[in-house]
Amino acid sequence: MSVNACLVEVAVDNSKIIFSLVSFMLSGIAIGALWKLKLSRKTQVGLMYGHLTGLFFPFVLFTTNLTCGFLCLPCFESPYALAILALPSTLLLAALTGFLAVPLWLIWRTPQIQDYRLKEVVERYSHHLGIATPSLFLVDKAEPQAFSFRGLRSGVFLSVGLLELLTPKEQDAVLIHELGHIRQRDSLFKLSSKLLRFSPFSFLSGVQDVMRREEEMADALVIELQGSRYLRRAKRKVASFAGTME
Amino acid sequence: MGMFLSPLEEDILSQLWTFEEARVRDVHARMKKKVALTSVAVSLDRLYKKKAVNRRVEMGRGGAHYLYAATGSKGELEKKVVESAVDKLISSFGDVAVTYFQERFGKK
């Protein structure tokens, strides 16, 4: 069969339309659930990835269809083979887009911390480290937690529990640690595995080693700028909370 | 979630009933037994998940903190605990539990 004959055969048939409609519908359900329901952060991030996957799938499906037709491969005739071929690319595209979209979503949904002392500390150390001052955000959780990312807009997230349990100096240690991550431009895998247990990359064992080294470097920065006492005490309190919860 | 409370949770609740709203540190300062601040924070979080207390975030000096308040009076909470315990017994033992209650509370 000639290439032109194959391309003539590439058609939008009912099964591909149904796949696409179902995909868009699931994508809409995911974003609707995100908007309306009160969900845990992990579920929110999972739904975001689900939404992006549903959104991209029809486009990847049709692109794969055209490619199969152009190359005159048998897959252009079978919608199920097309769907299987389109899925890995869709997941990869959704994961890569998610790394940008998820932080922006979190920033949009999370209130900012306005405390003068905390903002002054972040500004002072950011200036010292030569990075743009990130915004400070509040996570509504009793568990002491902190995380950060550097992206289109950098942010440091602190939980209510952390602010309640840690003294000002211990909070400073945590802030310096997070600014260290921002300065290091820590890997996008870290954000994914922190936010998503079921991230497509979290099963890669190499990621864990990278993350451990990044943590050690961020700790080393705290020790360099503040000493180790407050960092140790902060870690002890965090571990104590987690241990008491079990 | 079941309404069974640990001794520490009971202690914390009895302190919380003396406040309209209280921070973790306020409750911790009033505790008669010496416990870590973290233990009080964990217990209040557990009580929140059991719906024995409500909480809201207050932004202020130090960034933010929770203000906890009991969802009901001591009597109302005790009723919830008893209801929860009885419901659990009935769901676990069915007719045996019902028969026992009938026999037990049928006697005068």
Side-chain angles (χ1 to χ4, degrees), chain A residues 38-40 109-123 134-146 148 155-175 178 230 232-246, chain B residues 1-16 18-71:
Chain A
K38 201 168 173 167
L39 302 163
S40 71
R109 289 289 296 241
T110 312
Q112 284 204 37
I113 295 172
Q114 301 295 346
D115 181 71
Y116 174 77
R117 193 199 78 81
L118 289 168
K119 287 171 77 168
E120 188 274 330
V121 167
V122 169
E123 197 170 327
S135 302
L136 271 180
F137 297 95
L138 185 70
V139 177
D140 185 358
K141 275 182 108 76
E143 190 184 341
Q145 280 184 347
S148 59
V156 174
F157 290 73
L158 305 175
S159 71
V160 177
L162 186 132
L163 294 173
E164 280 190 316
L165 292 175
L166 269 50
T167 64
K169 287 281 184 202
E170 291 162 1
Q171 291 169 8
D172 294 356
V174 169
L175 284 171
E178 294 305 326
Y230 300 110
R232 265 204 316 270
R233 278 164 41 173
K235 286 186 173 210
R236 225 177 8 243
K237 283 183 180 175
V238 171
S240 170
F241 190 101
T244 318
M245 279 295 274
E246 282 160 16
Chain B
M1 195 173 267
M3 276 295 272
F4 294 107
L5 302 178
S6 69
L8 179 58
E9 287 168 0
E10 283 177 21
D11 262 346
I12 285 169
L13 261 180
S14 20
Q15 295 307 327
L16 201 55
T18 65
F19 292 96
E20 208 174 293
E21 275 184 326
R23 298 174 53 168
V24 172
R25 288 183 186 274
D26 299 332
V27 174
H28 178 250
R30 287 259 189 109
M31 298 292 292
K32 293 187 184 87
K33 278 187 210 161
K34 197 177 171 183
V35 286
L37 181 66
T38 324
S39 301
V40 176
V42 168
S43 297
L44 279 167
D45 191 41
R46 280 199 186 121
L47 286 167
Y48 172 71
K49 284 169 182 158
K50 290 178 183 177
K51 298 187 180 4
V53 304
N54 281 328
R55 74 181 180 206
R56 63 182 181 91
V57 177
E58 185 177 71
M59 301 288 236
R61 210 162 64 97
H65 50 258
Y66 285 124
L67 283 172
Y68 287 94
T71 53

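Note that these values count all heavy atoms, side chains included, but never hydrogens, waters or copies made by symmetry. Since the model is a prediction, treat every value here as computed from it, not as a measurement. We name chains A, B, ... by the order of the sequence lines, and we start the count at 1 in each one.
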Task: salt bridge (charged side-chain N to carboxylate O under 4.0 Å, His left out): pairs with one or both residues in residues 155-175 of chain A, sequence neighbours excluded - done: Arg117(A)-Asp172(A), Glu170(A)-Arg233(A), Glu170(A)-Lys237(A)
- [ ] Over all heavy atoms of both residues, which pair between Phe241(A) and Asp45(B) is shortest? Give the atoms and the distance, please.
- [x] CZ-OD2, 4.5 Å
- [ ] Examine whether an atom of Arg23(B) lies under 4.5 Å from a heavy atom of chain A, and if so say whether it belongs to the side chain, the backbone or both; otherwise answer neither.
- [x] neither
Open item on the list: Heavy-atom count check: over 12 atoms from other residues, nucleotides or ligands less than 6.0 Å from Glu123(A) CD?
Closed with: no
Open item on the list: Under the rule for side chain to side chain donor-acceptor pair (under 3.5 Å), what residues qualify as partners of Glu120(A), not counting sequence neighbours?
Closed with: Arg124(A)
TODO: Identify the heavy atoms of Leu118(A) and Gly63(B) that sit nearest to each other, and give their distance.
DONE: CD1-CA, 4.0 Å
Open item on the list: Report, in residue-number order, which members of residues 26-34 of chain B are under 4.5 Å from chain A by heavy-atom distance.
Closed with: none
Open item on the list: For Phe137(A), give me all partners under ring-ring contact (aromatic ring centres under 6.0 Å, His included), at least two apart in sequence or on another chain.
Closed with: Phe157(A)
Open item on the list: If I measure from the heavy atoms of chain B, does Leu165(A) come under 4.5 Å with its side chain, its backbone, both, or neither?
Closed with: both
Open item on the list: Rounded at 0.5 Å granularity, tell me how far CE in Met59(B) sits from CG in Asp115(A).
Closed with: 9.5 Å
